[in-house]
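Below you'll find the structure, written out as structure tokens, and then a few comments.
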There are 2 protein chains.
Amino acid sequence: MRIGELAERTGVPRRLLRYYEEQRLITPSRASNGYREYTGSHVDIVLQIKGLLDAGLPTRIIQQLLPCLDKSQTIYVPNVTPEMIATLQREQVRLSERIECLTRNRDAIADYLDTVLSVRSANTESMATSCEKV
Amino acid sequence: MRIGELAERTGVPRRLLRYYEEQRLITPSRASNGYREYTGSHVDIVLQIKGLLDAGLPTRIIQQLLPCLDKSQTIYVPNVTPEMIATLQREQVRLSERIECLTRNRDAIADYLDTVLSVRSANTESMATSCEKV
DNA sequence: CTTGACCTTCACATCAATGTGAGTGTTCAA
DNA sequence: TTGAACACTCACATTGATGTGAAGGTCAAG
């Protein structure tokens, strides 16, 4: 498929698909007329990239992770240097930290919403809605 | 305490502490000489901000979350508009999505590392370390 | 064969999060 | 009382992820 279809199927603008390519995250082949040609698995990869970017990882790291995360095929171990392993382990720790932080805050929001909503439902009558202390 | 001490205690550079203030994430008081004055709880808040920023949330969102996440005091419900509640619920969903994405990828990395490390330990002898298919 | 909808590259703009430095005022200790 | 260490504001630079538009090539349908 061409870039327009991939953009539509992933929700990622064309501009960014070209950017990902520039960052060496994806390497579509080219048709004889110079158009980029994407395969079906590019859809999954782009969605994964999107998720990782949205999760706060920079392209530089994603570039290193991608070869390891490609679920759809057998796992390859390309150039498995000790540095690569160390990078992955560091990134694993960072991901765990992020997850912990996000979870903590999500739960705090949940608690907050619980409190607020229960208070609001308790006061069905007219009552000032600002600065209630709980 | 002044900005230097806060910077040291949080690991966040002075420049960013001023930036957080500019973004209305923290509002230190001022001494008579114009110096910013921070309290002990600012340490926690700054660490929280740091975590959220690092987790990929923009200051604009953090600004809305902070009043709800301040654990150290009784929960206030400042201007609890329906829009605010909607924002929080949206953000809660987004956090869950991020958490899910990060978890998936962290686990994938873990799997990958498990595989790689077990393969490597199996081949204690001299063996090419590049492009082994598993 | 032209028109419209694609595609290409190139390049400049923007936004958020940071870095960095200039120029100046304040505090504190030797 | 002077110098080091810290604070202030202002302002420009940079980096990464994006937006946007210009100038032009490709192709299918009318």
Side-chain angles (χ1 to χ4, degrees), chain A residues 1-39 42-43 45-66 87 91 94 97-98 101-102, chain B residues 1-39 42-43 45-66 91 94 97-98 101-102 105:
Chain A
M1 86 194 71
R2 290 179 308 190
I3 201 171
E5 187 181 344
L6 184 60
E8 195 169 353
R9 281 169 67 171
T10 59
V12 173
R14 291 149 228 255
R15 172 67 176 89
L16 283 192
L17 293 175
R18 299 198 184 100
Y19 176 67
Y20 296 166
E21 181 178 350
E22 191 184 312
Q23 300 300 308
R24 304 170 166 277
L25 303 184
I26 43 179
T27 43
S29 56
R30 296 294 180 126
S32 54
N33 55 8
Y35 288 11
R36 290 167 177 83
E37 268 300 334
Y38 300 92
T39 72
H42 278 118
V43 175
I45 297 179
V46 167
L47 288 176
Q48 180 133 33
I49 293 171
K50 183 186 184 182
L52 289 169
L53 273 179
D54 196 56
L57 302 200
T59 54
R60 166 180 32 93
I61 298 294
I62 297 177
Q63 185 193 332
Q64 299 198 278
L65 297 190
L66 275 186
T87 298
E91 210 51 38
R94 292 194 52 193
E97 285 169 1
R98 275 167 205 257
C101 175
L102 289 176
Chain B
M1 85 194 72
R2 290 181 306 189
I3 201 172
E5 187 180 345
L6 183 60
E8 192 167 355
R9 282 168 66 172
T10 59
V12 174
R14 292 149 229 254
R15 173 68 178 87
L16 282 193
L17 293 175
R18 299 195 184 101
Y19 175 67
Y20 295 167
E21 181 179 350
E22 192 184 311
Q23 301 298 307
R24 304 170 167 275
L25 303 184
I26 44 179
T27 44
S29 56
R30 294 295 180 125
S32 53
N33 55 10
Y35 287 11
R36 289 167 178 84
E37 268 301 333
Y38 300 91
T39 72
H42 278 116
V43 175
I45 297 179
V46 167
L47 288 177
Q48 181 134 33
I49 294 172
K50 183 185 182 182
L52 288 169
L53 273 180
D54 196 54
L57 303 200
T59 54
R60 166 181 33 92
I61 298 294
I62 298 177
Q63 185 193 331
Q64 300 198 277
L65 297 190
L66 275 186
E91 210 51 39
R94 293 194 51 194
E97 285 169 359
R98 273 169 205 261
C101 173
L102 288 177
N105 285 296

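Order of the sequence lines fixes the chain letters, A, B, ..., with proteins taken first and strands second; residue numbering starts at 1 for each chain.
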Q: Spell out protein contact along nucleotides 5-15 of chain C as letters: B when the base is contacted, S when just the sugar-phosphate is, - when no protein heavy atom is under 4.0 Å; keep the 5' to 3' order.
A: -BSBB-B----
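A donor-acceptor pair is defined here as one N or O able to donate and one able to accept, closer than 3.5 Å; such a pair exists between the side chain of A:Glu37 and the backbone of A:Met1.
For the pair B:Glu22 CD and D:dC8 P, the interatomic distance rounds to 14 Å; values are reported in whole Å. Straight-line distance from the NZ atom of A:Lys50 to the P atom of D:dT18: 10 Å, rounded to whole Å. The distance between atom CD of B:Glu21 and atom C1' of D:dT9, rounded to the nearest whole Å, is 12 Å. Following rounding to the nearest Å, B:Leu16 (CG) and C:dG19 (C1') show an atom-to-atom distance of 9 Å. Note: CD1 (B:Ile49) to P (C:dA16) measures 16 Å, nearest angstrom. Residue B:Leu53 contributes atom CG, which lies 18 Å from atom P of D:dG16 at whole-angstrom precision.
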(Q) Walk me through whether A:Leu57 and A:Arg98 qualify under side chain to side chain contact (heavy atoms under 4.5 Å, CB included). (A) CA-CA 10 Å; A:Leu57 302 200; A:Arg98 275 167 205 257; 4.0 Å; yes
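The distance from atom CG of B:Leu65 to atom CD of B:Glu91, rounded to the nearest 0.5 Å, is 5.5 Å. Taking CG of B:Leu47 as the start and NE2 of B:His42 as the end, the distance is 12.5 Å to the nearest 0.5 Å.
Nearest heavy-atom pair across B:Leu66 and B:Leu25 is CD1-O, 3.5 Å. In this structure, A:Pro13 and A:Gly11 approach most closely via the heavy-atom pair CD-O, 3.6 Å.
The phosphate of D:dA17 has OP1 or OP2 within less than 4.0 Å of a side-chain N or O from A:Tyr19. The phosphate of D:dG16 (OP1 or OP2) has no side-chain N or O of A:Thr59 nearer than 4.0 angstrom.
Residue A:Tyr38 forms a side chain to side chain contact (heavy atoms under 4.5 Å, CB included) with just one option from A:Ile45, A:Val46, A:Ile3, and that option is A:Ile3.
Side-chain contact between A:Lys50 and A:Leu16 is absent, with no heavy-atom pair separated by less than 4.5 Å. Put simply, the side chain of B:Arg2 does not reach to within 4.5 Å of the side chain of B:Arg36, judged on heavy atoms.
Rounded to 10 degrees, the angle between the two end axes of the helix from C:dC1-D:dG30 to C:dA30-D:dT1 is 10°, with five pairs used at each end.
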